[in-house]
Enquirer: 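Attaching a single structure in structure tokens format; questions to follow.
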Amino acid sequence: MNPIKIKKALSIALLLFSASASAQTVGTKDVHDIVQKLTDQLVEVYPFPEISAKYQQAILRNEKAGRYVGLSEDSLAKKLTEDLRTVHKDVHLRVMKNEETYKRLSAPSGRRSDDSTELKRMKTQNYGFKSVQIDGAKSTAYIDIPGPFWGTQESFEMASAAMNMAAHSKYVILDIRHNPGGTGHMGRFIASYFYSPGNEKFYLNGFYKNRKMDEQEWTYSYVPGRRNPDAKVYILVGPGTASASEGLAYAMQKLGRATIVGDTTAGAGIAGSFVPLKRNLIAFVPVKMVVAPHSDEGWEGTGVIPDVLSGDEDALEVARKLIEKDRKDQ
């Protein structure tokens, strides 16, 4: 090829690459707007004002020092998350790039459509419930719930079907070792099957920055189908158990209604929601600290510590051994 043509082609390629890189880099004004909205939101709703003030100070200081200049959207999201967690390690709090979610959250409420991607994901994952295995000879039901916990009609129907299949088993194993969380309503719904009608329990308590908004969470007075109030319940947990699924394990442990088996959970005890920032960036901002009834103690930062640690052994096998021992002791 002619050297002149080669040089010209290289120049065009470099220009295109430069334009592409420039388009991906977040400008100074957009960075400022993102930082401002993020820190304002944290100060407004984060449950612990003293921590949100530190978040704000650190992020504004870093912006002034130029730490967020010349970064791509992905790099900016990662850097902001790292800086926030340097101040205080809240595993819920994070900034990320998600164009689809950003558009959905940013659209005027009247124009928002169903999230077809999320619906497809729910169907693919069977609304959070993977399988139910019944061992009639040992009167044991094993329910695998990798989650997440969704709050749709179909999700509750799936949960009801699973719980009704286990309704005649003396022993019930709930496997939430790989459940990342979701809505706390599902955990309460599942827990309700292990109590008789009229014996509702104060399940968890949630408090906000404005303590007048505190929410008491109770098991439900009605669930469809058959309950199993006499079952011996074993809940399998691990590092992959987070947020709302931790809430189920924590509440059932505090109520003395289940034996928790496995490894310590993630320690994500502050519920929240997504907030659109700018440039396809969104933030998951915690707004509600979830704790035990009549207490300020929750699992945030510490996780749910099992009653029976499985160590190197598979938690399911440990639970089965506990059941076998209980059967022999009868």
Side-chain angles (χ1 to χ4, degrees), residues 126 128-147 149 156-179 186-204 219-220 222-242 244-265 292 299 303-330:
N126 205 40
F129 290 78
K130 186 176 181 180
S131 66
V132 180
Q133 299 172 24
I134 305 296
D135 184 341
K138 296 182 178 179
S139 193
T140 299
Y142 167 77
I143 306 176
D144 191 0
I145 318 172
F149 284 160
F156 286 112
E157 288 172 354
M158 193 66 68
S160 178
M163 297 306 296
N164 275 277
M165 285 187 69
H168 297 283
S169 297
K170 181 177 180 179
Y171 304 97
V172 178
I173 303 171
L174 304 177
D175 191 343
I176 55 173
R177 285 176 291 179
H178 307 291
N179 191 316
M186 180 57 75
R188 290 161 59 195
F189 185 75
I190 293 170
S192 301
Y193 277 91
F194 298 110
Y195 290 97
S196 300
N199 188 27
E200 292 74 42
K201 297 296 181 180
F202 190 178
Y203 178 79
L204 290 171
T219 56
Y220 296 108
Y222 169 78
V223 287
R226 186 181 180 89
R227 296 171 184 251
N228 196 350
D230 298 320
K232 294 190 176 182
V233 185
Y234 299 83
I235 301 180
L236 310 185
V237 300
T241 309
S245 62
E246 286 181 281
L248 171 60
Y250 185 80
M252 292 288 275
Q253 183 184 56
K254 291 296 182 183
L255 288 166
R257 190 61 190 86
T259 300
I260 312 303
V261 181
D263 296 308
T264 303
T265 62
W299 65 91
V304 180
I305 300 171
D307 300 302
V308 180
L309 288 164
S310 58
D312 294 331
E313 194 172 358
D314 181 69
L316 178 56
E317 291 306 312
V318 173
R320 285 173 173 160
K321 287 178 181 179
L322 292 171
I323 290 172
E324 191 60 31
K325 183 179 184 304
D326 188 77
R327 291 179 68 238
K328 289 179 179 178
D329 291 341
Q330 297 302 309

Enquirer: What are the two closest non-hydrogen atoms of Gly225 and Asn164, and how far apart are they?
Expert: CA-OD1, 3.2 Å
Enquirer: Tell me, which pairs form a side chain to side chain donor-acceptor pair (under 3.5 Å) where one or both residues lie in residues 193-204, sequence neighbours left out?
Expert: Ser160-Tyr193, Asn199-Lys201
Enquirer: When rounded to the nearest 0.5 angstrom, what distance separates CG in Leu204 from CE in Met252?
Expert: 11.0 Å
Enquirer: Hey, what do you get for CG (Leu174) to CD1 (Ile190), rounding to the nearest 0.5 Å?
Expert: 6.5 Å
Enquirer: Which atoms form the tightest heavy-atom contact between Ser169 and Asn228, and what is the distance?
Expert: O-ND2, 2.9 Å
Enquirer: Could Asp314 and Arg320 be called an ion pair, given the rule that one side-chain N must be under 4.0 Å from one carboxylate O?
Expert: no
Enquirer: For the residue pair Phe149 and Ile145, what are the closest heavy atoms and their distance?
Expert: CE2-CG2, 3.8 Å
Enquirer: State, to 0.1 Å, how close Ala191 and Thr219 come at their nearest heavy-atom pair, and which atoms those are.
Expert: CB-CG2, 4.3 Å
Enquirer: Name the residue from Met163, Lys130, Met165 that meets the side chain to side chain contact (heavy atoms under 4.5 Å, CB included) definition with Ile143.
Expert: Met163
Enquirer: Can you establish whether the number of heavy atoms outside Asp312 located under 6.0 Å from its atom CG is more than 12?
Expert: no
Enquirer: Working to the nearest 0.5 Å, report the span between CG of Asn179 and CD1 of Ile235.
Expert: 11.5 Å
Enquirer: As an exercise, state the distance from CD1 of Ile260 to OG1 of Thr241, rounded to the nearest 0.5 Å.
Expert: 9.5 Å
Enquirer: Could you report the tightest heavy-atom contact between Ala166 and Val172, atom names first, then the distance?
Expert: O-CG2, 4.1 Å
Enquirer: State, with a plain yes or no, whether a side-chain heavy atom of Gln133 is found less than 4.5 Å away from one of Ile173.
Expert: no
Enquirer: Can you list every side chain to side chain donor-acceptor pair (under 3.5 Å) pair that touches residues 244-261, not counting sequence neighbours?
Expert: Glu246-Thr265, Glu246-Trp299, Gln253-Asp307
Enquirer: What are the two closest non-hydrogen atoms of Asp263 and Gly311, and how far apart are they?
Expert: OD1-N, 3.9 Å
Enquirer: Rounded to the nearest 0.5 Å, what separation is found between the CG atom of Leu322 and the NZ atom of Lys232?
Expert: 11.0 Å
Enquirer: Are the side chain of Arg227 and the backbone N or O of Ser192 linked by a donor-acceptor pair below 3.5 Å?
Expert: yes
Enquirer: What residues form a side chain to side chain contact (heavy atoms under 4.5 Å, CB included) with Arg327, not counting sequence neighbours?
Expert: Lys138, Tyr171, Ile323, Glu324
Enquirer: Just so I know, are the side chains of Pro239 and Thr264 near enough to count as touching, which here means a heavy-atom distance under 4.5 Å?
Expert: no
